[in-house]
There are 2 protein chains.
Amino acid sequence: MTDVSATGGRTPSRAVEQALVDAAERVLVRDGLGGLTVRAVAAEAAVAPMGVYNRFGNKDGLVAAVLARGFEGLRVATAAADDADPVDRLLICGRNYRRFALDHPQHYGAMFGAGWAATVPTEELVDRADAAFQALVDRVGYAVDRGALRPGDPVETAQLIWSSVHGAVSLELAGLGRTADPAAGYEALLRMLLDGLR
Amino acid sequence: MTDVSATGGRTPSRAVEQALVDAAERVLVRDGLGGLTVRAVAAEAAVAPMGVYNRFGNKDGLVAAVLARGFEGLRVATAAADDADPVDRLLICGRNYRRFALDHPQHYGAMFGAGWAATVPTEELVDRADAAFQALVDRVGYAVDRGALRPGDPVETAQLIWSSVHGAVSLELAGLGRTADPAAGYEALLRMLLDGLR
DNA sequence: CATCAAAGTAGAACGATGTTCTACAAAGGT
DNA sequence: ACCTTTGTAGAACATCGTTCTACTTTGATG
């Protein structure tokens with residue numbers, strides 16, 4: 001994503017919002033959700049702290065914007081799985097999911113944990129979350145239509161898949177996994193899903 | 001659990017710790033993790049705020065004690081599944097897991113989300129978390145030994161099951177489920193697990 | 001029972017955080 | 001060029017986690 005660098009002095013009106021969200025993401029990645037404070041973000045963006053309130057209403061609004069970006073990233077990763085073979089497509093999709101989470105642990109943790117719990121979802125955030133899920137539903141529908149998964153509502157099947165991969169990734173990120181090789185464990189999970197949904 | 005009620009004046013030494021943990025649980029249930037502050041807990045327990053630091057080192061130590069109780073509750077719920085039939089045992093176990101989470105949403109959210117992320121796990125907490133997982137491993141082992149699940153390391157199989165049920169319950173509690181009937185969806189998840197692990 | 005150490009309490013204080021408000025200057029639009 | 005909008009700097013406030021001090025009460029031991 002294109003970063004709007006602060007140029008010193010006063011940030012142009014049209015650049016304040018993006019500067020703040022960019023900065024918030026950097027702070028989140030560097031210091032975690034606990035380090036994401038209004039002052040830290042403002043300093044990172046070389047913007048006045050009041051900018052957060054002027055543009056996002058409050059800190060929660062800023063966090064929601066960051067989470068929305070997270071879900072957009074997740075949607076892109078999910079939708080990138082476009083192999084012709086339906087089973088391959090689902091496997092790639094599942095691997096992309098984990099890859100995204102491992103590459104963006106702070107985003108992922110905030111999206112489904114404290115960040116989400118603390119925020120009142122904005123319309124943008126809900127739309128982005130819906131879109132990310134829809135990308136999975138699309139891939140499930142592709143597989144069901146081609147007989148790779150048993151007939152059924154793609155939304156419900158996608159929810160089952162989502163539950164499982166989300167659970168696996170969440171526990172892994174939290175350091176709560178109990179097996180020696182998380183990657184192998186995740187592959188076993190994907191196989192289990194395919195076996196259980198055929 | 002037996003609540004140690006404050007009797008006014010000065011709390012006896014031997015009762016301070018339990019009074020604080022009891023109070024912390026009440027505050028967690030009532031006001032969520034965000035409302036669990038040192039002062040709120042101390043007031044709830046009618047104990048001086050310094051008691052938190054004297055007995056638990058800091059606020060995180062107190063939170064860890066609360067999380068440990070959560071895992072103990074989860075272990076009890078898991079271990080309560082003791083039907084003779086291995087499949088029934090697993091199903092009951094799975095249903096107990098969800099029941100526990102739905103009955104104690106604030107505990108569950110803290111145990112696997114912000115509470116866990118913010119705390120340095122104490123030995124007690126790790127032991128309790130291990131014990132809860134072991135209860136699941138035991139049930140998986142029971143089913144594997146009787147041919148109800150395919151042969152394999154019970155720990156790895158338990159991890160797969162845990163990932164799925166944890167994911168399902170977490171998304172449900174976060175209001176991120178996308179299906180109309182979460183209970184039915186959860187039953188479908190359990191069936192999928194059995195199908196995928198036979 | 002007396003003595004002394006340990007520990008609970010009250011209170012103050014400090015830095016950090018989210019938020020609100022004010023006054024001024026610069027940007028943006030017409 | 002003029003006027004409105006908006007970014008900035010700074011102050012202030014309540015709350016929170018934490019540390020510290022002084023005093024009182026409890027708890028343990030002889």
Side-chain angles (χ1 to χ4, degrees), chain A residues 4-24 26-28 30-67 110 114-115 117-120 122, chain B residues 4-24 27-28 30-67 110 114-120 122:
Chain A
V4 178
S5 299
T7 56
R10 177 171 161 153
T11 305
S13 220
R14 68 182 183 280
V16 170
E17 214 163 294
Q18 189 167 345
L20 284 171
V21 183
D22 292 342
R26 292 198 297 274
V27 171
L28 173 65
R30 193 182 65 222
D31 302 324
L33 194 60
L36 203 164
T37 67
V38 171
R39 290 178 173 86
V41 172
E44 177 78 22
V47 167
M50 270 304 303
V52 172
Y53 303 95
N54 294 336
R55 311 303 296 234
F56 298 97
N58 53 28
K59 180 188 166 180
D60 285 344
L62 173 64
V63 171
V66 171
L67 299 190
T119 208
V120 177
T122 58
Chain B
V4 177
S5 300
T7 57
R10 177 170 162 153
T11 305
S13 220
R14 69 181 182 284
V16 170
E17 213 163 294
Q18 190 169 340
L20 284 171
V21 182
D22 292 341
V27 171
L28 173 64
R30 192 182 64 222
D31 301 325
L33 195 60
L36 204 164
T37 66
V38 171
R39 290 178 170 85
V41 173
E44 177 77 21
V47 168
M50 269 305 301
V52 171
Y53 303 94
N54 294 335
R55 309 305 294 232
F56 299 97
N58 55 29
K59 179 187 166 182
D60 285 346
L62 174 62
V63 172
V66 171
L67 299 190
W116 177 267
T119 208
V120 177
T122 58

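Throughout, a chain's letter reflects where its sequence line sits, starting with A, and its residues are numbered from 1. Values reported hereafter were calculated over all heavy atoms of this structure, with side chains retained and with hydrogens, waters and symmetry mates removed.
The distance between atom NZ of B:K59 and atom P of D:dT19, rounded to the nearest whole Å, is 14 Å. Remark: P of D:dG7 and CZ of A:F56 are 11 Å apart, rounded to the nearest angstrom. With rounding to whole Å, B:L62 atom CG is found 10 Å from D:dG17 atom P. Look at CG on A:N54: it is 13 Å from P on C:dT19, rounded to the nearest Å. Distance CG (A:L36) to P (C:dA16): 17 Å, rounded to an integer number of Å. For the pair A:Y53 OH and C:dC21 P, the interatomic distance rounds to 12 Å; values are reported in whole Å. Note: CZ (B:R10) to P (C:dT9) measures 6 Å, nearest angstrom. The CD atom of A:E17 sits 9 Å away from the P atom of D:dG7 (whole-angstrom rounding).
Regarding contacts with the backbone of D:dG7, every side-chain N or O of A:T11 stays at 4.0 angstrom or more from both OP1 and OP2. Checking the phosphate oxygens (OP1, OP2) of D:dG7, a side-chain nitrogen or oxygen of A:S13 falls inside 4.0 Å. Note on A:R55: every side-chain N or O is 4.0 Å or more away from OP1 and OP2 of D:dT6. Distances shown here put a side-chain N or O of B:R14 below 4.0 Å from the OP1 or OP2 atom of D:dG27.
In terms of heavy atoms, A:A65 sits closest to A:V21 at CB-CG2, 4.0 Å. The two residues B:K59 and B:V38 make their nearest non-hydrogen contact at CB-CG2, 3.8 Å. Taking all atoms of both residues into account, the shortest heavy-atom contact from A:G115 to A:L33 is N-CD2, 3.4 Å. A pairwise comparison of heavy atoms in A:A42 and A:A48 identifies CB-C, 4.0 Å as the closest pair. Minimum heavy-atom separation, B:A45 to B:A19: CB-O, 3.6 Å.
Applying side chain to side chain contact (heavy atoms under 4.5 Å, CB included) to A:F56 and the options A:V63, A:V16, A:T122, A:L20 leaves one that passes, A:L20. The side chain to side chain contact (heavy atoms under 4.5 Å, CB included) with A:T119 is formed by just one residue from the set A:D60, A:L62, A:V66; it is A:D60.
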Query raised in the report: For nucleotides 9-14 of chain D, read 5' to 3', which letter fits each nucleotide if B means a protein heavy atom sits under 4.0 Å from the base, S means only the sugar-phosphate is that close, and - means neither?
Result: -B-B--

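A distance of 14.0 Å separates CZ in B:R39 from CG in B:L36, rounded to the nearest 0.5 Å.
Between C:dT20, D:dG17, C:dG28, one nucleotide has an atom nearer to the side chain of B:V38 than all others, and that is D:dG17.
Screening residues 45-57 of chain A for salt bridge (charged side-chain N to carboxylate O under 4.0 Å, His left out) gives A:E17-A:R55 as the qualifying pairs, with residues at least two apart or on separate chains.
In this structure, the helix from C:dC1-D:dG30 to C:dT30-D:dA1 shows an angle of 30° between the axis at its start and the axis at its end, each fitted on 5 base pairs and rounded to 10°.
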